[in-house]
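Within every chain, numbering begins at 1; the chains are lettered A, B, ... in the order of the sequence lines, protein sequences first and strands thereafter.
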Amino acid sequence: MIKAVRGTRDLLPPETGVWNFVEATVREVFRAYNFHEIRTPIFESTELFARGVGEETDIVSKEMYTWEDRGRAESDKGQSLTLRPENTAGVVRAYVEHKLGDRGLQKLYYIGPQFRRERPQKGRYRQFYQIGAEVIGPTAAGSESPARDAEVLTMLADLLDRLGVREWRLELNSVGCKDCRPRFNEALRRALTEPDENGVTLASQMCGDCQRRAVTNPLRVLDCKVPEDQPMIATLPRLSDYLDDGCRTHFAGVTAVLDALGIAYTRNERLVRGLDYYTRTAFEFTHGALGAQNAILGGGRYDGLSEAIGGPPAPGIGFAIGEDRLVMTLAESAAAAGYAAVAPVAYVAPLGAGMNAPAAKLVRELRAAGLVVDLGDETFKIKKSFEGAERVSAKYIVICGEREFAADAFNVKELATGEQVTVPRTELAGKLRR
RNA sequence: GUGGGAGUAGCUCAACUCGGCAGAGCACCGGUCUGUGGCACCGGACGUUGCGGGUUCAAUUCCCGUCUCCCACCCCA
């Protein structure tokens with residue numbers, strides 16, 4: 001048997017109803033904040049991700065689905081293409097390519113599959129779905145303002161509340177900018193790798209991963225979870241002490257709005273993000289029901305990303321929601337269940353040879369009237385038609401035999417009560433609607 | 001990429017310890033019941049025991065390999 005490949009899966013009804021509920025709610029909430037949808041290609045030039053996401057990140061260095069696309073002619077050199085591992089780089093590429101900055105501040109959102117070749121586990125798939133949004137534009141359009149960060153965070157809080165997600169937590173930090181972060185990085189590196197009076201470095205006493213990170217990416221030492229390392233991490237320089245005035249003021253601007261709106265957050269000094277492009281504001285919304293993959297969504301500001309891929313200065317802030325994980329937290333949401341459980345109002349049961357055609361005509365009329373109607377088959381015995389109606393949870397069954405079509409009036413039976421009435425064709429849609 | 005657990009009917013699970021015809025419940029299909037359902041009874045189909053190899057007269061069972069899922073690390077959403 002041919003099966004879905006490792007790390008991919010089929011989404012089946014009724015669960016697809018929950019996904020539709022999520023996406024419909026997303027579109028509604030994002031629209032209220034005046035975001036517009038953008039759809040970018042599923043694959044892009046490999047170079048986009050190498051430059052945008054960062055050559056040194058795990059995503060680019062070992063998790064991408066990359067292949068050589070053959071050239072047009074035999075002699076042409078092929079082009080390296082990659083299935084998108086995230087969507088921000090694609091959106092910024094489109095922003096640059098279409099000079100969207102000339103139209104002012106852009107508020108864009110996307111919903112779609114992303115691909116990373118990781119070992120699958122709960123809440124982690126090789127094809128997974130992200131819902132994301134980006135605010136990006138020229139500085140003059142206000143793209144750098146902390147008001148935009150706060151607006152994005154507020155929108156997310158609204159979305160989670162509207163979806164019925166309970167017990168989410170917002171963790172917030174500022175990771176500094178291209179000016180102050182290198183200073184902090186250097187201080188961190190020194191603290192980790194400079195020998196003390198006994199000639200011993202701090203890093204050498206930490207776990208293997210941290211010893212490696214101390215050299216390659218000291219920032220990541222901060223979110224090490226090895227218990228033995230925690231006391232040593234506590235002695236390291238604090239990012240907040242190294243933020244320059246601009247970053248400090250910016251962060252204060254974000255929290256001032258959140259405080260005024262009563263949106264709860266936790267300052268997490270050790271929240272650093274894995275993609276190179278993040279600057280200043282970094283955040284995560286977490287949820288307890290997700291096991292080790294507890295981040296429902298993450299995001300932050302990326303003021304240098306446009307330049308990194310060869311575009312004009314275009315500060316921005318965005319996030320990505322792990323839709324698979326979000327749906328997991330919605331298992332008990334009444335709103336999602338209600339949305340998913342839409343049943344047809346009626347099941348039309350043609351009874352006897354030659355009844356399929358007139359029944360099809362009748363059903364088409366009802367559907368045109370805006371009703372959700374299902375249809376049986378003339379070969380079904382009446383018992384089987386009732387079972388079919390039960391199976392799809394129809395409210396009514398409409399019996400359509402030769403007698404009914406002759407009289408142009410139909411027996412309508414409410415399945416739950418057993419109540420049955422005869423209704424003329426012209427009044428049928430009205431009866432079913434009640 | 002690393003470590004641990006698990007794969008038997010569409011679903012939930014037995015049988016495995018100590019090798020001897022692969023089973024139950026639910027679901028499915030048909031009938032009793034020809035145009036009024038849900039119940040009941042009777043019957044049916046249920047399977048390459050994840051896949052491949054080995055040991056054996058005989059393997060779901062023991063051994064080896066492999067794949068997939070789950071959990072954790074890692075990473076991230």
Side-chain angles (χ1 to χ4, degrees), chain A residues 1-9 12 53 56-63 84-88 111-132 156 207-210 212-213 217 220 223-227 271-275 278 282-287 290-300 318-329 347 349-353 355 376 378-391 393-394 396-404 410-420 422:
Chain A
M1 185 174 38
I2 299 173
K3 294 189 289 191
V5 306
R6 181 170 166 82
T8 71
R9 58 185 180 145
L12 307 172
V53 178
E56 300 310 313
T57 60
D58 279 18
I59 293 176
V60 172
S61 64
K62 53 193 189 198
E63 296 174 1
R84 63 186 188 195
E86 57 94 57
N87 218 148
T88 298
I111 298 175
Q114 319 291 337
F115 307 85
R116 292 182 200 171
R117 198 182 180 290
E118 296 182 272
R119 181 107 171 232
Q121 76 183 64
K122 186 183 185 67
R124 192 166 83 181
Y125 306 95
R126 290 181 169 188
Q127 174 173 334
F128 61 103
Y129 294 81
Q130 285 190 337
I131 298 166
L156 286 166
C207 69
D209 284 328
C210 282
R212 177 176 50 79
R213 293 176 185 128
N217 193 354
R220 296 221 66 87
D223 61 4
C224 173
K225 287 158 195 99
V226 176
L271 177 68
V272 294
R273 306 213 46 81
L275 286 65
Y278 285 112
F283 57 88
E284 251 175 39
F285 283 69
T286 59
H287 191 276
L290 292 173
Q293 312 300 322
N294 70 340
I296 255 183
L297 70 92
F319 60 83
I321 304 171
E323 192 174 2
D324 307 76
R325 294 180 189 177
L326 181 57
V327 167
M328 275 190 261
T329 68
Y347 181 94
L351 193 63
M355 293 303 111
E378 64 185 27
T379 64
F380 292 173
K381 289 180 191 165
I382 191 123
K383 177 187 165 87
K384 188 163 167 177
S385 288
F386 270 96
E387 285 166 358
E390 289 273 326
R391 171 163 304 199
S393 305
Y396 297 103
I397 184 167
V398 180
I399 310 291
C400 304
E402 210 155 347
R403 298 206 293 266
E404 284 77 10
F410 302 87
N411 292 328
V412 177
K413 185 168 188 177
E414 185 168 354
L415 286 159
T417 61
E419 204 172 305
Q420 179 166 318
T422 302

Requested in this report: Please report the shortest heavy-atom distance between A:G7 and A:P120, naming the atom on each side.
Outcome: CA-CG, 3.8 Å

Report summary line: Rounded to the nearest 0.5 angstrom, the CZ-CZ distance for A:R84 and A:R116 is 11.5 Å

Query raised in the report: Do other residues, nucleotides or ligands put more than 12 heavy atoms under 6.0 Å from A:E402 CD?
Result: no

Query raised in the report: What pattern of brackets, bars and dots sums up RNA chain B from 5' to 3', given Watson-Crick or G-U wobble pairs under 3.5 Å, [ ] for crossing pairs and | for another strand?
Result: (((((((..((((......[..)))).(((((.......))))).....(((((..]....))))))))))))....

Requested in this report: Determine the contact category for A:Q420: base if any of its heavy atoms lies under 4.0 Å from a base atom, sugar-phosphate if only primed atoms, P, OP1 or OP2 are that close, otherwise nothing.
Outcome: base

Report task. Assign A:G352 to base, sugar-phosphate, or nothing according to its heavy-atom contacts below 4.0 angstrom with the strands shown. Result -> nothing

Report summary line: Note: A:Q130 and A:E86 closest approach over all heavy atoms is OE1-CA, 4.1 Å

Query raised in the report: Roughly how far apart, to the nearest Å, are B:A22 and B:U48 at atom P?
Result: 14 Å

Give every pair of a protein N or O atom and an N or O atom of nucleotides 26-31 of chain B that lie under 3.5 Å apart, one pair per line with the distance.
residue, atom, partner, partner atom, Å
B:C28, OP1, A:R391, NH2, 2.6
B:G30, OP1, A:K384, NZ, 3.0
B:G31, OP1, A:K381, NZ, 2.3

Query raised in the report: Would you say the side chain of A:E402 and the base of B:G35 hold a donor-acceptor pair, judged only by whether the two atoms sit under 3.5 Å apart?
Result: no

Query - P atoms of B:G20 and B:C62, separation to the nearest Å - result: 11 Å

Query raised in the report: Reckon A:L351 touches a base, only the sugar-phosphate, or nothing at all at heavy-atom distances under 4.0 Å?
Result: base

Query raised in the report: Contact class for A:I296 vs. all strands (heavy atom < 4.0 Å): base, sugar-phosphate, or nothing?
Result: sugar-phosphate

Requested in this report: Decide if atom CD of A:E414 counts as having more than 12 heavy atoms of other residues, nucleotides or ligands within a radius under 6.0 Å.
Outcome: yes

Report summary line: Residues A:A4 and A:T8: closest non-hydrogen pair is CB-OG1, 3.6 Å

Query - Exercise: identify the closest heavy-atom pair between A:A282 and A:L271 - result: O-CD2, 3.6 Å

Distances under 3.5 Å between nitrogen or oxygen atoms of protein and nucleotides 68-72 of chain B:
residue, atom, partner, partner atom, Å
B:C69, OP1, A:G7, N, 2.7
B:C69, OP2, A:R6, NH1, 2.9
B:C71, OP2, A:K122, N, 2.4
B:A72, OP1, A:A292, N, 3.4

Query raised in the report: Is the closest side-chain heavy-atom distance between A:L351 and A:I382 below 4.5 Å?
Result: yes

Report summary line: Nearest-nucleotide check on RNA chain B, A:R117 vs A:F128; residue mapping nearer the 5' end is A:R117

Requested in this report: Return yes if some donor-acceptor pair links the side-chain N/O of A:D324 with the main-chain N/O of A:Y129 below 3.5 Å, else return no.
Outcome: yes

Query raised in the report: At under 4.0 Å between heavy atoms, what does A:G401 touch on the DNA or RNA strands: base, sugar-phosphate, or nothing?
Result: base

**Report entry** Check: A:I111 and A:E323 side chains under 4.5 Å, non-hydrogen atoms
**Finding:** yes

